[in-house]
Amino acid sequence: MTDPEVLIIGAGPAGLTAATYLGRFRRRTLVVDGGAPRACWIPLSHNMPGFPAGITGADILKRMREQAEEYGAVVEPGRVQRLTHESDGFVAEMDGRTIRARAVLLATGVVDHHPDLPGVEAAVQKALVRICPICDGYEATDKAVAIIGQSDKGAREAAFMRTYSDRVTLIHIGAHDALSRRDELERLGVELILAPLDAIDIENDRVTALSYAGQSRAFDLVYSALGTSPNAELAEGLEARLADDGRLEVDLHQATSVPGLYAAGDVVRGLNQIAVATAEAAVAATDIHNRLRQADGLTVAD
């Protein structure tokens with residue numbers, strides 16, 4: 001295609017939702033798909049609006065991509081290595097190709113920190129090791145649950161999971177002084193284990209052994225509370241303003257501190273949820289469209 005008006009970097013729920021909106025606004029839109037967004041790890045989502053029986057992450061992405069392409073958005077595999085800002089827009093360097101766009105939306109997400117253990121990826125794919133208690137804590141009701149943490153984030157997730165089960169164990173693998181909420185854990189009845197992990201064993205859809213310091217325990221579900229790293233390098237290169245956790249700060253229209261640069265989804269400071277990402281994308285796409293209309297001397301929609 002010719003150079004797009006809007007370049008979307010990231011083909012997860014946020015990027016594809018924005019592409020649908022921009023396509024319906026009749027904007028030339030290119031989505032750069034870097035592959036394997038977090039949503040593809042979802043075995044079955046039960047809190048996706050409109051799917052009471054649940055839907056897999058792969059199906060969510062497939063439907064969203066088909067919808068975006070239905071309205072003319074182009075989705076291409078690749079990675080943007082460099083993004084620069086010029087007076088009339090942006091220049092992206094993608095796999096040896098130069099792309100110019102009037103506006104850019106970053107939907108680059110975050111990378112989860114999984115325990116460095118053999119078998120973890122298989123466990124995530126089977127939903128035995130999970131990364132989002134807000135998404136699927138309900139499915140842990142009355143089950144034996146372990147939280148793997150290395151800071152107070154693990155303690156917070158363990159406390160949250162007491163909403164669903166009275167059999168919650170926090171396995172703290174970090175420095176002992178990185179955990180300051182022991183009194184709260186004791187009050188809530190959360191078992192605390194201070195030890196590094198050795199292995200995760202899976203058999204018959206159950207974590208049959210989570211080994212630490214020469215001991216083993218079985219759990220129905222394990223949550224990793226080891227945090228994430230935002231994919232914000234392109235924005236950092238433009239000196240966009242970042243929050244303390246490294247994610248992007250945006251205004252009420254999802255605009256970053258760099259004019260014409262927007263962001264939506266997990267790379268933005270806030271709640272890591274598909275419903276939130278799609279809402280942010282709709283807001284961003286509408287503001288991008290209105291901003292371009294204003295630049296062309298045209299009126300905008302309210």
Side-chain angles (χ1 to χ4, degrees), residues 4-25 27 29-34 37-39 49 64 68 73 79-92 99-112 132 134-135 153 227-295 300-302:
E5 294 177 281
V6 184
L7 175 65
I8 298 173
I9 304 175
L16 294 173
T17 298
T20 293
Y21 272 75
L22 288 162
R24 289 175 59 83
F25 291 144
R27 294 290 179 187
T29 304
L30 173 63
V31 181
V32 178
D33 181 0
R38 291 179 88 213
M64 287 186 165
R79 290 190 177 274
V80 174
Q81 286 82 28
R82 187 165 179 261
L83 189 63
T84 56
H85 190 211
E86 297 184 343
S87 59
D88 58 347
F90 297 85
V91 177
I99 301 169
R100 286 180 167 78
R102 298 177 67 188
V104 172
L105 171 66
L106 294 178
T108 46
V110 297
V111 175
D112 292 288
C132 181
I134 292 175
C135 304
K153 176 177 173 60
T228 61
S229 293
N231 290 317
E233 294 83 0
L234 293 173
E236 287 185 79
L238 295 173
E239 298 184 351
R241 186 165 56 248
L242 303 178
D244 292 340
D245 61 1
R247 293 197 283 182
L248 281 161
E249 289 191 350
V250 294
D251 65 13
L252 294 177
H253 300 285
Q254 301 301 128
T256 72
S257 59
V258 177
L261 180 69
Y262 291 73
D266 294 350
V267 75
V268 172
R269 185 181 187 181
L271 192 63
N272 291 357
Q273 295 288 293
I274 290 178
V276 174
T278 57
E280 291 174 348
V283 171
T286 302
D287 200 67
I288 289 170
H289 176 61
N290 284 339
R291 181 179 179 275
L292 295 181
R293 284 185 64 84
Q294 286 179 323
V300 301
D302 293 332

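Just so you know, residue 1 is the first one in the sequence shown, and it goes up from there.
Contact of the Leu106 side chain with the Val268 side chain is not registered, since no non-hydrogen atoms from C-beta on lie closer than 4.5 Å. Counting heavy atoms from C-beta on, the side chains of Val104 and Tyr262 never come closer than 4.5 Å. You'll find the side chain of Arg79 stays beyond 4.5 Å of the side chain of Val32, heavy atoms only. In this structure the side chain of Phe90 reaches within 4.5 angstrom of the side chain of Leu261, judged on heavy atoms. Put simply, the side chain of Arg100 does not reach to within 4.5 Å of the side chain of Pro4, judged on heavy atoms.
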- [ ] Please report the C-alpha distance between Leu7 and Thr29 in whole Å, then the side-chain angles of each, then the deciding distance to 0.1 Å, and finally whether the side chain to side chain contact (heavy atoms under 4.5 Å, CB included) criterion is met.
- [x] CA-CA 6 Å; Leu7 175 65; Thr29 304; over 6 Å; no

- [ ] Would you please test Glu5 and Phe25 for side chain to side chain contact (heavy atoms under 4.5 Å, CB included) and show each step?
- [x] CA-CA 12 Å; Glu5 294 177 281; Phe25 291 144; over 6 Å; no

- [ ] Just do the side chain to side chain contact (heavy atoms under 4.5 Å, CB included) check on Leu22 and Ile8 with the steps written out, would you?
- [x] CA-CA 10 Å; Leu22 288 162; Ile8 298 173; 4.0 Å; yes

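Remark: of the listed residues Leu30, Thr108, Val31, Thr108 is the sole one forming a side chain to side chain contact (heavy atoms under 4.5 Å, CB included) with Ile9.
Using a 4.0 Å cut-off between charged side-chain N and carboxylate O, Asp112 and Arg38 make a salt bridge. Salt-bridge annotation for Asp88 and Arg102: absent, with no side-chain N of the basic residue lying under 4.0 Å from a carboxylate O of the acidic one.
For the residue pair Arg269 and Arg247, the shortest heavy atom distance occurs at N-CB, 3.8 Å. The two residues Ala18 and Ala281 come nearest to each other via the heavy atoms N-CB, 3.7 Å. The minimum heavy-atom distance linking Leu248 with Leu242 is given by the pair CD2-CD2, 3.5 Å.
A donor-acceptor contact shorter than 3.5 Å links the side chain of Gln254 to the backbone of Ala263. Of the possible polar contacts, none joining the Thr17 side chain to the Ala14 backbone as a donor-acceptor pair under 3.5 Å is found.
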